[in-house]
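A short write-up of the structure that comes next.
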Amino acid sequence: MAGGVGSRFWPLSKASYPKQFHDILGAGETLIQRTFGRLSQTVPSENVLVLTNEKYKGLVNEQLPEVRDENIVLEPAMRNTAPCILLAALKIYKANPDGVMIVAPSDHWIENEKAFLTDLNTAFEACAEDASEEKLLVTLGIEPTFPHTGYGYIQYNASTAAVKGVEAFKEKPDYETAKQFLAEGNYSWNAGIFIWSARAIIEAFEKYLPEMYALFNSGFEALNTEAEQQFILDNYAKAENISIDYGILEKSGHVGVIPATFDWSDLGAWGALYDNLEKDQDKNVIVNAQTVLREAQGNLIRSEKGKVVVVEGLKDYIVVDSDDVLVIIPKAKEQDVKIIRAEVEQHFGADLV
């Protein structure tokens, strides 16, 4: 899934060039390239579908030349996760009725890829072998390391099985509730990474979101043919704007979670990037920049590669320099980035956001 704008990573991430197409980590690869490389270690590259907004097709072609045009599904309207997942599932089912699929955001950071692939294969095997009437839907849950209030949580049962039964999905909690979740020990962060058979998720849509199922299934004959894009253009925007969590997973009684063994971040904002990158002796994180730092501690400083950045007297700030915008903001106020972005658009135009 590569259609989001990533507005909390502004000014680097813009509507015309969102964060999944940037080398946010300064690692030599963009986030979508890292995701493709990770998944293609176990999923044949010709079986990878990229679902993205139609205006990003050129970026996908440029950054993932391995992906054929027929595997790039262009969304003509911004919708939540449920519509694009159903569309992909129907395409996969038509190609292979026994297919098992992973749904993965294009902009996540995963440290231990070997552990990720081990958990993924455990999920694939569980879904392929499931013979129950209402088939298993699996999510990878991240073992929480601190009481995070920005993630949803998954409560699971005390089973010793690799895939544990989900008791409940919990909305983003306050700090005290998050501490309680960690103390109880049977809660995972909801990473938004899902595994299931194409048949299982299609049947779940038919049961829990029947209108969306009927809408997309009406074009089943067009999928994977030259008529597919016209069907999507004519119908995609009619789909309900709803997440897979609300629409399916919170309603189904047959959801499993694998408590993951890898380090993960959704890289939702600049603070998450700071948390996941190496710090210098003064707890500064430097991405791409060449720096002269004086009395500077706890800052995130990112520029275009090789730019010289001089900082004196700043503590716990985010400093991001893009081609046409420079943002300097306290880390404690990074939630204001979306508000500031809107103000810049109002005063200086949409090209800057």
Side-chain angles (χ1 to χ4, degrees), residues 1-13 18-20 22 24-25 31 34-35 78 80-82 103-111 116 139-156 166-194 241-247 249-250 255 257-260 262-277 279 283 285 287 298-300 302 316-318 320 327 329-342:
M1 296 184 294
V5 174
S7 58
R8 287 181 292 172
F9 263 99
W10 182 81
L12 185 66
S13 181
K19 71 172 182 175
Q20 60 268 29
H22 286 276
I24 293 279
L25 300 162
L31 292 176
R34 289 284 295 263
T35 302
M78 296 289 285
N80 215 311
T81 52
V103 177
S106 60
D107 54 1
H108 286 185
W109 173 89
I110 290 175
E111 177 66 26
F116 166 78
T139 179
L140 298 185
I142 308 301
E143 291 301 275
T145 54
F146 67 99
H148 203 301
T149 58
Y151 297 145
Y153 284 71
I154 302 169
Q155 181 186 13
Y156 55 85
V166 170
E167 299 287 338
F169 286 84
K170 304 288 187 178
E171 300 301 318
K172 297 174 182 177
D174 59 30
Y175 183 72
E176 291 302 319
T177 303
K179 285 203 302 184
Q180 180 183 337
F181 289 168
L182 263 67
E184 292 182 20
N186 63 327
Y187 286 83
S188 293
W189 289 334
N190 186 357
I193 303 172
F194 310 112
N241 188 359
I242 189 171
S243 74
I244 195 72
D245 302 78
Y246 288 127
L249 299 179
E250 293 185 9
V255 181
V257 62
I258 297 176
F262 53 87
D263 293 329
W264 164 92
S265 172
D266 70 344
L267 292 181
W270 290 112
L273 182 64
Y274 176 86
D275 291 340
N276 284 287
L277 291 182
K279 283 82 174 167
K283 297 186 178 179
V285 168
V287 181
N299 302 298
L300 168 65
R302 192 196 191 283
D316 296 331
Y317 267 71
I318 295 166
V320 181
V327 170
I329 187 171
K331 284 195 299 188
K333 292 190 175 182
E334 74 162 332
Q335 67 273 13
D336 292 346
V337 163
K338 293 180 77 170
I339 300 171
I340 296 167
R341 177 178 177 270

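In this text, all values refer to a predicted model and were calculated from it rather than measured experimentally.
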Using the six-membered ring wherever Trp is involved, compare the ring planes of His148 and Tyr151 and label them parallel, tilted or perpendicular (cut-offs 30° and 60°).
parallel

Working to the nearest 0.5 Å, report the span between NZ of Lys19 and NE2 of His22.
11.0 Å

Could you verify whether a donor N or O on one side chain and an acceptor N or O on the other, from Glu184 and Gln180, lie under 3.5 Å apart?
yes

Side chains of Phe9 and Val320 in contact at under 4.5 Å (non-hydrogen atoms)
no

Between Pro105 and Gly192 the two heavy atoms that sit nearest each other are CD-O, 3.4 Å

Rounded distance [0.5 Å steps], CG in Asn276 versus CD1 in Ile110
11.5 Å

Matching residue for Phe194 among Leu140, Thr81, Leu249 - test: side-chain contact (heavy atoms from CB on, under 4.5 Å):
Leu249

Applying salt bridge (charged side-chain N to carboxylate O under 4.0 Å, His left out), can you list everything that pairs with Lys333, at least two apart in sequence or on another chain?
none

CD of Glu143 to CG of Leu182: how many Å apart, nearest 0.5 Å?
9.0 Å

Could you check whether Lys283 makes a cation-pi contact with Tyr274, meaning its NZ or CZ is under 6.0 Å from the centre of the six-membered ring and within 45° of the ring axis?
no

If you round to the nearest 0.5 Å, how far is OH of Tyr156 from OH of Tyr187?
10.5 Å

If the threshold is 4.0 Å, N to carboxylate O, is there a salt bridge linking Lys331 and Glu334?
no

Would you call Thr177 and Lys170 a side-chain contact if the rule is heavy atoms closer than 4.5 Å?
no

Check step by step if side chain to side chain contact (heavy atoms under 4.5 Å, CB included) holds for Ile329 and Ile340.
CA-CA 10 Å; Ile329 187 171; Ile340 296 167; 3.6 Å; yes

If you measure from CG on Asn186 to CZ on Phe181, what distance do you get to the nearest 0.5 Å?
9.5 Å

So, do Trp109 and Asp263 sit near enough that their side-chain heavy atoms are less than 4.5 Å apart?
yes

Gly150 versus Lys172, closest heavy-atom pair with distance
O-CE, 3.2 Å

Using every non-hydrogen atom in the two residues, find where Ile142 and Ala191 come nearest and quote the distance to one decimal.
CG1-CB, 3.6 Å

Nearest heavy-atom pair of Ser188 and Pro144: which atoms, and what distance?
CA-CD, 4.0 Å

For Leu31, does its backbone N or O pair with a side-chain atom of Asp107 as donor and acceptor, under 3.5 Å?
no

For the CD1 atom of Ile193 and the OG1 atom of Thr139, what is their distance to the nearest 0.5 Å?
7.5 Å

If only atom types and distance count, is the side chain of Ser265 paired as donor or acceptor with the main-chain N or O of Leu267 below 3.5 Å?
yes

Do the side chains of Trp270 and Leu12 get nearer than 4.5 Å, heavy atoms only?
yes

Are any side-chain N or O atoms of Asn80 and backbone N or O atoms of Ala82, one a donor and one an acceptor, separated by less than 3.5 Å?
no

Decide if atom CZ of Phe169 counts as having more than 12 heavy atoms of other residues, nucleotides or ligands within a radius under 6.0 Å.
yes

In terms of relative ring orientation, are Trp189 and Trp264 parallel, tilted or perpendicular, with 30° and 60° separating the classes?
tilted

Would you call Val103 and Met1 a side-chain contact if the rule is heavy atoms closer than 4.5 Å?
yes

With side chains defined as the heavy atoms from C-beta onward, is the minimum distance between Asp316 and Pro330 less than 4.5 Å?
no

Is it the case that the side chain of Ser106 and the backbone of Gln20 share a donor-acceptor pair, with hydrogens and angles ignored and the cut-off at 3.5 Å?
no

For the residue pair Leu25 and Leu277, establish whether any side-chain heavy-atom pair is separated by less than 4.5 Å.
yes

